[in-house]
Amino acid sequence: MKFIGIIPARYASTRFPGKPLAMLGGRPVIQHVYEKAVAALGEAYVATDDSRIFDTVHAFGGKAVMTRNDHKSGTDRIEEACEKIKTDADVIINIQGDEPFVHPSQLETVQRLFDHPQTQIGTLGKPFESIEAVMNPNSPKIVTDKNGFALYFSRSVIPFIRGEKQEDWLTHFPYLKHLGIYAYRREILHEITQLPQSPLEVAESLEQLRWLENSYHIRVGLTNIETVGIDTPEDLQKAELFLATHPL
């Protein structure tokens, strides 16, 4: 089975314009992500709508493809990139362009999800470490079936633990945080990008609910490694501190 990494990277971020080009440890953030992807998968492309990112990737020896600037999601951008590069990969792995600390073991875990013939889409979950983190609506929760397939994703705390104090819920259920790495069988990626938005997706603002509502099978791999995404300039400062103890 052949895998390829596609890294969607926009310049026009609302909270941090130009963040793929922000310097981290002396190199652009996007370079860290790209090099991690290539090391784990053998081949990767940056999919961007901005010539500055495109030129930067080529300058450090990477591969990039220009895509439209009107995509509503990274998934749509990845589909266009796959069409343009005419990839023959069986599985496409979506690695966020603002995740310079993505770990090789995480990408390996995502690949192994496709050993199961029913896996159409793969993603990752990490056990929560505190009930305060579970309560954060910016950290989507995953509930899976006994075979590791997603039943639901929510910004709310699911499941509700009846008869127990909320501060004790984490001792009664292994709450799982969703990490935004996705992988799709090539034909499934094409299919899901043709789907209209679904009611659950609109309600929770979670794209993966569109796929569940349309009966696609999302298998969830487990990781104990926390990544440090960069959404704001403050996050970049935290990443520099993280880099001091977790060399890239």
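- Residues meeting the side-chain hydrogen bond (donor to acceptor under 3.5 Å, both in side chains) test with S154, sequence neighbours left out: E204.
- At most 12 non-hydrogen atoms from other residues, nucleotides or ligands lie less than 6.0 angstrom from CD of E129.
- Legend: residues meeting side-chain contact (heavy atoms from CB on, under 4.5 Å) with D231, ordered by chain and number and at least two apart, are R15, K19, D98, D235.
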Residue pair R112, D115: steps toward the salt bridge (charged side-chain N to carboxylate O under 4.0 Å, His left out) verdict: CA-CA 5 Å; R112 296 285 67 81; D115 293 342; 3.0 Å; yes
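- E191 is linked by a side-chain hydrogen bond (donor to acceptor under 3.5 Å, both in side chains) to Y216, counting only residues two or more places apart in sequence or in another chain.
- Remark: Q166 engages no residue in a side-chain hydrogen bond (donor to acceptor under 3.5 Å, both in side chains) (not counting sequence neighbours).
- A 4.5 Å side-chain heavy-atom check between L41 and I4 finds every atom pair outside the cut-off.
- A salt bridge between D49 and R77 is present, with a side-chain N of the basic residue lying under 4.0 Å from a carboxylate O of the acidic one.
- For the salt bridge (Lys or Arg N to Asp or Glu O under 4.0 Å) condition, the pairs that include at least one residue of residues 169-178, sequence neighbours left out, are K177-E226.
- Using bins of under 30°, 30° to 60° and over 60° for the plane-to-plane angle, the ring pair F173/Y175 lands in the perpendicular bin.
- The ring of F60 has its center closer than 6.0 angstrom to the ring center of Y34.
- Residues satisfying the side-chain contact (heavy atoms from CB on, under 4.5 Å) test with R68, not counting sequence neighbours, are D70, H71, E80.
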